[in-house]
Amino acid sequence: MASSLRIGRQVEDFTLAGGVLAEDTFERRDYTLSAARGRAVVLAFYPGDNTAVCTKQLCSYSSGMETFAGLDAEVWGISPQDVDSHEAFARGHGLRMPLLADPGRTAARAFGVAAPGIGVRRSVFLIDADGVLRWKHVALLGATFQSLDTLAEHLSGIGNS
């Protein structure tokens, strides 16, 4: 899929196990990209739970959930750790977006962001309500991340209906 993953093209469907912190409960389920049709989806690939930059990034996105909701968008964090690790990470930092487990890096490979050593490159993909890739950013080093404001600006330009 990575070779066909281009701006303006349909993104192939995938399903990953994950969960989301709702009040005091971590609700586990499978997340399928096509099930989110009708809303934009922000896929935020990150190297690891409880690492400095990843924690800052996910906390930033979590605190901006109202901004994403106002743009009719969902945010999914994806990393190689398992769902148990994601639950501890979400609980420890009050993260309010679904965290998806990609331990085999299947989704990371499909999106062209699997990387030796770190597992995945820090990257963000904006997919519109019809499942079409509208914007992406893949970090070479991963020491910084795309800000909430940057994502909101790009989301506001993709015209979800």
Side-chain angles (χ1 to χ4, degrees), residues 1-22 25-49 54 57-62 64-87 89-90 95-115 118-139 142 145-148 150-161:
M1 177 167 98
S3 63
S4 66
L5 192 63
R6 292 196 171 94
I7 304 297
R9 295 187 80 179
Q10 193 79 27
V11 176
E12 287 186 35
D13 204 16
F14 67 85
T15 300
L16 292 173
V20 64
L21 190 60
T25 304
F26 190 76
E27 299 173 356
R28 294 170 182 243
R29 69 176 179 89
D30 287 343
Y31 288 80
T32 301
L33 184 60
S34 61
R37 292 273 164 80
R39 297 189 79 194
V41 178
V42 177
L43 299 179
F45 285 87
Y46 65 100
D49 294 340
C54 296
Q57 176 184 15
L58 279 273
C59 285
S60 168
Y61 297 169
S62 182
M65 292 304 283
E66 288 77 15
T67 299
F68 290 119
L71 293 165
D72 201 22
E74 297 183 38
V75 180
W76 296 357
I78 303 173
S79 76
Q81 291 75 42
D82 63 22
V83 179
D84 289 340
S85 176
H86 289 339
E87 179 175 358
F89 185 41
L95 301 177
R96 302 183 294 152
M97 81 280 293
L99 300 178
L100 283 55
D102 188 20
R105 297 185 301 155
T106 305
R109 277 194 299 278
F111 279 81
V113 297
I118 60 171
V120 300
R121 292 191 187 286
R122 187 176 316 283
S123 51
V124 179
F125 297 84
L126 303 184
I127 301 165
D128 73 12
D130 297 318
V132 174
L133 180 64
R134 294 298 176 187
W135 184 81
K136 67 181 178 178
H137 180 270
V138 179
F145 57 90
Q146 296 301 297
S147 71
L148 171 66
T150 296
L151 298 181
E153 179 183 329
H154 286 286
L155 280 168
S156 67
I158 65 173
N160 289 320
S161 51

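Values below: every heavy atom of this structure, side chains too, minus hydrogens, waters and symmetry copies.
- Distance alone, capped at 3.5 Å, places no donor-acceptor pair between the Glu74 side chain and the Met97 backbone.
- Using a 3.5 Å distance cut-off with no hydrogens or angles, the side chains of Ser34 and Asp13 do pair a donor with an acceptor.
- The shortest distance between side-chain heavy atoms of Phe45 and Val138 does not fall below 4.5 Å.
- Taking each heavy atom of Pro80 and Pro47 in turn, the nearest pair found is CD-O, 3.6 Å.
- Side-chain N or O atoms of Arg105 include none that pairs as donor or acceptor with a backbone N or O of Val120 at under 3.5 Å.
- In this structure, the side chains of Glu27 and Pro98 stay at 4.5 Å or more apart for every pair of heavy atoms.
- Between the CZ atom in Arg121 and the NE2 atom in His137 there is a gap of 12.0 Å [rounded to 0.5 Å].
- In this structure, Leu58 CG and Asp49 CG are separated by 8.0 Å, a value rounded to the nearest 0.5 Å.
- Taken from OG1 in Thr106 to CG in Leu16, the straight-line distance is 7.5 Å, to the nearest 0.5 Å.
- Considering only heavy atoms from C-beta on, Val11 stays 4.5 Å or farther from Phe125 through its side chain.
- Atom OG1 in Thr32 sits 11.0 Å away from atom CZ in Arg37 (nearest 0.5 Å).
- Residues Leu95 and Leu21 are not in side-chain contact: their nearest non-hydrogen atoms beyond the backbone lie 4.5 Å or more apart.
- Arg39 CZ to Ile127 CD1: the interatomic distance, rounded to the nearest 0.5 Å, is 13.5 Å.
- For the pair Ser156 and Leu71, the minimum side-chain heavy-atom distance is below 4.5 Å.
- A donor-acceptor contact shorter than 3.5 Å is absent between the side chain of Arg109 and the backbone of Ala114.
- The aromatic rings of Phe14 and Trp76 sit perpendicular, their planes meeting at an angle over 60°, well past the 30° parallel limit.
- Ring geometry, Tyr61 versus Phe145: the interplanar angle exceeds 60°, so the pair is classed perpendicular (tilted spans 30 to 60°).
- Using a distance-only test at 3.5 Å, with no hydrogens or angles considered, no donor-acceptor pair links the side chain of Arg122 to the main chain of Gln146.
- Between Asp84 and Arg28 there is a salt bridge, since a side-chain N of the basic residue sits under 4.0 Å from a carboxylate O of the acidic one.
- Proximity of a side-chain donor or acceptor of Ser62 to a complementary backbone N or O of Arg96 within less than 3.5 Å is detected.
- Legend: residues meeting ring-ring contact (aromatic ring centres under 6.0 Å, His included) with Phe89, ordered by chain and number and at least two apart, are His93.
- Scanning all heavy atoms of the two residues, the minimum distance from Ile158 to Arg134 falls at CG2-CB, 3.4 Å.
- Panel note: side chain Asp102, backbone Ala108; a donor-acceptor pair is recorded below 3.5 Å.
- Under the 4.5 Å side-chain criterion, counting only non-hydrogen atoms from C-beta, Ser60 is not in contact with Ser147.
- Looking only at side-chain heavy atoms (C-beta outward), Tyr31 and Ile78 stay at 4.5 Å or farther from each other.
- Here the CZ atom belonging to Phe111 is positioned 7.5 Å from the CG atom belonging to Leu133, to the nearest 0.5 angstrom.
- The nearest pair of heavy atoms linking Val41 to Ala36 is CG2-CB, 3.5 Å.
- Of all the heavy atoms in Cys54 and Gly48, the pair that sits closest is CB-O, 3.1 Å.
- A donor-acceptor pair under 3.5 Å links the side-chain atoms of Asp128 to the main chain of Asp130, judged by distance alone.
- When all heavy atoms are compared, the tightest approach of Leu155 to Leu126 is N-CD1, 4.0 Å.
- Pairing each heavy atom of Ser123 with each of Val113, the nearest pair is OG-CG1, 3.3 Å.
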